[in-house]
Q: 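This is the structure, below, for whatever I ask next.
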Amino acid sequence: MSLLVKAAPGRIVTDITPASAGWKHIHFKALRLQAGEVEALSTGPLEYCITVLTGQVDVQVGSQAFSALGSRASVFEESAPTAVYVPPGQSLRITARSPADVALSAAPATGRHATRVIAPESMRRSVRGQGSNTRHVCDILPETEAAESLLVVEVITPAGNSSSYPPHKHDSADPAAPDAETVLEETYFHLLNPSQGFAFQRVYTDDRSIDEAMAVEHRDTVMVPRGYHPCVAPHGYDLYYLNTMAGPERRWAFRNDPAHEWMLRPR
């Protein structure tokens, strides 16, 4: 099975479940809604982070109503998104006020946290890396914010740059290891600007039992069950991706590929 999930042409761009991915934690759905269209579901045993990528929506969670969420026309604007955290056991209804792109990240939870809107101004935005490894990060649902399983972040990689680089992984939970990692499944939901562009992502393990290099296009998703997972944006095309991570421990601890870690050392 390929780790690349090509975008579907309809309102459901992608719909990844543990059954389809062959893993345990992450559910990810990307929607392309027209004005007036509705997505309704029950959260069941899952917590959700609903990220309004573009456009504007109304969200109803049980008896709670949140109106006119979202302010971006493009994910490449210099602004953060609006998101909603929804705990398990809720009825959820998303209604598009305008054409809207919405991402639904979900993972198992028990219900320790309440529904809340995550406002753009509460999200930390930062720049990582330097030179052609510079990228722009927005923490939507980091480990410092209340949730049980989910970690959600968005990244813009300028044209000609790399990101998730040097290659890193988070798939081993050996506490005795000097560079101990956490075990986190991950999805990358990609968008390109201009949209006819493409980028590259490789997913590989130390033993090369996984080694897949993919050309990703607008709205494609890459699944990362384990292994290193760097991205490169070719000249002329900015790359956006939304990361969803989840695993048995809600903490992001990674290990760089030793073969490439040299580039982080002072020269």
Side-chain angles (χ1 to χ4, degrees), residues 3 16 18 21-28 45-47 49 85 105-110 112-113 118 123-131 133-155 157 161-189 201-214 221-232 241-267:
L3 300 177
I16 293 168
W23 57 31
K24 296 181 179 179
H25 297 93
I26 292 177
H27 301 243
F28 178 76
L46 307 175
E47 64 179 1
C49 179
Y85 173 83
S105 306
T110 60
R112 297 201 301 266
H113 304 291
I118 307 171
M123 298 177 188
R124 179 176 178 268
R125 300 175 67 214
S126 60
V127 178
R128 292 182 191 164
Q130 57 186 344
N133 199 37
T134 300
R135 60 271 199 204
H136 304 270
V137 179
C138 178
D139 292 313
I140 298 169
L141 189 60
E143 61 189 76
T144 53
E145 299 297 326
E148 293 185 58
S149 295
L150 285 171
L151 297 165
V152 182
V153 62
E154 65 177 17
V155 178
T157 306
N161 284 17
S162 57
S163 61
S164 295
Y165 194 80
H168 71 270
K169 72 182 185 76
H170 35 74
D171 60 16
S172 173
D174 180 3
D179 47 0
E181 309 159 41
T182 47
V183 177
L184 294 168
E185 302 160 355
E186 187 167 15
T187 56
Y188 277 67
F189 177 63
Q201 185 161 24
R202 182 186 182 196
V203 180
Y204 67 98
T205 56
D206 287 312
D207 63 4
R208 302 304 193 265
S209 58
I210 294 177
D211 192 355
E212 186 172 350
M214 292 154 277
T221 305
V222 171
M223 302 182 295
V224 184
R226 62 187 187 277
Y228 308 99
H229 39 276
C231 299
V232 177
Y241 51 78
L242 180 78
N243 287 140
T244 299
M245 292 181 280
E249 181 183 0
R250 188 175 179 259
R251 185 171 62 89
W252 184 53
F254 63 88
R255 180 173 73 88
N256 293 317
D257 186 339
H260 305 295
E261 198 168 30
W262 63 267
M263 65 185 70
L264 296 178
R265 292 193 286 268
R267 298 183 183 182

Q: Working to the nearest 0.5 Å, report the span between NE2 of H136 and OG1 of T157.
A: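 The NE2 atom of H136 sits 8.5 Å away from the OG1 atom of T157.
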
Q: How long is the span from the CD atom in E185 to the NE2 atom in H27, to the nearest 0.5 Å?
A: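 Taking CD in E185 and NE2 in H27, the distance rounds to 9.5 Å.
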
Q: Using modelled atom types and a 3.5 Å cut-off, is there a donor and acceptor pairing between side-chain atoms of E47 and backbone atoms of E148?
A: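 Checking the backbone N and O of E148 against the side chain of E47, a donor-acceptor pair under 3.5 Å is found.
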
Q: Check whether any side-chain heavy atom of R226 lies under 4.5 Å from a side-chain heavy atom of S172, and answer yes or no.
A: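 No, their side chains stay 4.5 Å or more apart.
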
Q: Can you tell me how the ring of W252 sits relative to the ring of H170, calling it parallel under 30°, perpendicular over 60° and tilted otherwise?
A: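 The rings of W252 and H170 stand perpendicular, inter-plane angle above 60°.
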
Q: Is any side-chain heavy atom of I210 less than 4.5 Å from a side-chain heavy atom of P225?
A: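 Yes, close enough: below the 4.5 Å cut-off.
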
Q: Can you check side-chain contact (heavy atoms from CB on, under 4.5 Å) on M223 and E186, steps first, answer last?
A: CA-CA 6 Å; M223 302 182 295; E186 187 167 15; over 6 Å; no

Q: Which value, rounded to the nearest 0.5 Å, describes the distance between E145 atom CD and Y85 atom OH?
A: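 If we round to the nearest 0.5 Å, E145:CD and Y85:OH are 12.0 Å apart.
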
Q: Going by the rule side-chain hydrogen bond (donor to acceptor under 3.5 Å, both in side chains), which residues pair with D211 if we only count those two or more places apart in sequence or in a different chain?
A: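 Partners of D211 under the side-chain hydrogen bond (donor to acceptor under 3.5 Å, both in side chains) test: R202.
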
Q: Kindly indicate, with the supporting measurements, whether the criterion side-chain contact (heavy atoms from CB on, under 4.5 Å) is fulfilled by L141 and R250.
A: CA-CA 11 Å; L141 189 60; R250 188 175 179 259; 3.7 Å; yes

Q: If you look at every heavy atom in N161 and G131, which pair is closest and at what distance?
A: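 Nearest pair, atom of N161 first, then G131: ND2-O, 3.6 Å.
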
Q: What orientation do Y241 and Y188 show, parallel under 30°, tilted 30 to 60°, or perpendicular over 60°?
A: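 Tilted.
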
Q: Counting only heavy atoms not in R124 (residues, nucleotides, ligands), do more than 12 fall under 6.0 Å from its CZ?
A: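 Atom CZ in R124 is not crowded, with 12 or fewer foreign heavy atoms closer than 6.0 Å.
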
Q: To the closest 0.5 Å, what do you measure between OH (Y165) and NE2 (H260)?
A: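 One finds 6.0 Å between OH of Y165 and NE2 of H260.
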
Q: Measure from the side-chain N and O atoms of N256 to the backbone N and O of E261, and report whether any donor-acceptor pair falls under 3.5 Å.
A: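 A pair under 3.5 Å: no.
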
Q: For the atom pair CG (N243) and CD1 (I26), what is the distance rounded to the nearest 0.5 Å?
A: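 So the gap between those two atoms works out to 9.0 Å.
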
Q: Which atom pair, heavy atoms only, marks the closest approach of S105 to L150?
A: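 So the two residues come closest at O-CD1, 3.4 Å.
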
Q: Looking at every heavy atom in both S149 and A107, which two are closest together, and how far apart are they?
A: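 Nearest pair, atom of S149 first, then A107: CB-CB, 3.7 Å.
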
Q: Can we say E181 and K169 salt-bridge, meaning some charged N sits less than 4.0 Å from an Asp/Glu carboxylate O?
A: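 Judged by the 4.0 Å cut-off on N to carboxylate O distance, E181 and K169 do form a salt bridge.
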
Q: Quick check: do P18 and K24 have side-chain heavy atoms less than 4.5 Å from each other?
A: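 No - every pair of side-chain heavy atoms lies 4.5 Å or more apart.
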
Q: Any idea which heavy atoms bring D139 and M123 closest together, and the distance?
A: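 That would be O-CB, 3.4 Å.
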
Q: List the steps, then state whether side-chain contact (heavy atoms from CB on, under 4.5 Å) holds for L3 with M214.
A: CA-CA 8 Å; L3 300 177; M214 292 154 277; 4.1 Å; yes

Q: Are P45 and P108 side-chain neighbours, meaning at least one heavy-atom pair lies under 4.5 Å?
A: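 No, their side chains stay 4.5 Å or more apart.
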
Q: Can you check whether N133 reaches P166 side chain to side chain, under 4.5 Å on heavy atoms?
A: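 The answer is yes; the side chains approach within 4.5 Å.
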
Q: Looking at residues at least two apart in the chain, or sitting in another chain, which of them share a side-chain hydrogen bond (donor to acceptor under 3.5 Å, both in side chains) with T182?
A: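 Listed in chain order: nothing, the list is empty.
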
Q: Go through the structure and list residues passing side-chain hydrogen bond (donor to acceptor under 3.5 Å, both in side chains) with T221, not counting sequence neighbours.
A: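 Once residues adjacent in sequence are excluded, T221 has no partner under the side-chain hydrogen bond (donor to acceptor under 3.5 Å, both in side chains) criterion.
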
Q: Does any part of the side chain of V153, heavy atoms only, come nearer than 4.5 Å to the side chain of C138, both counted from C-beta?
A: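 Not touching, per the 4.5 Å side-chain cut-off.
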
Q: How far does SG of C49 sit from CG of L242, to the nearest 0.5 angstrom?
A: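 The CG atom of L242 is 8.0 Å from SG of C49, to the nearest 0.5 Å.
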
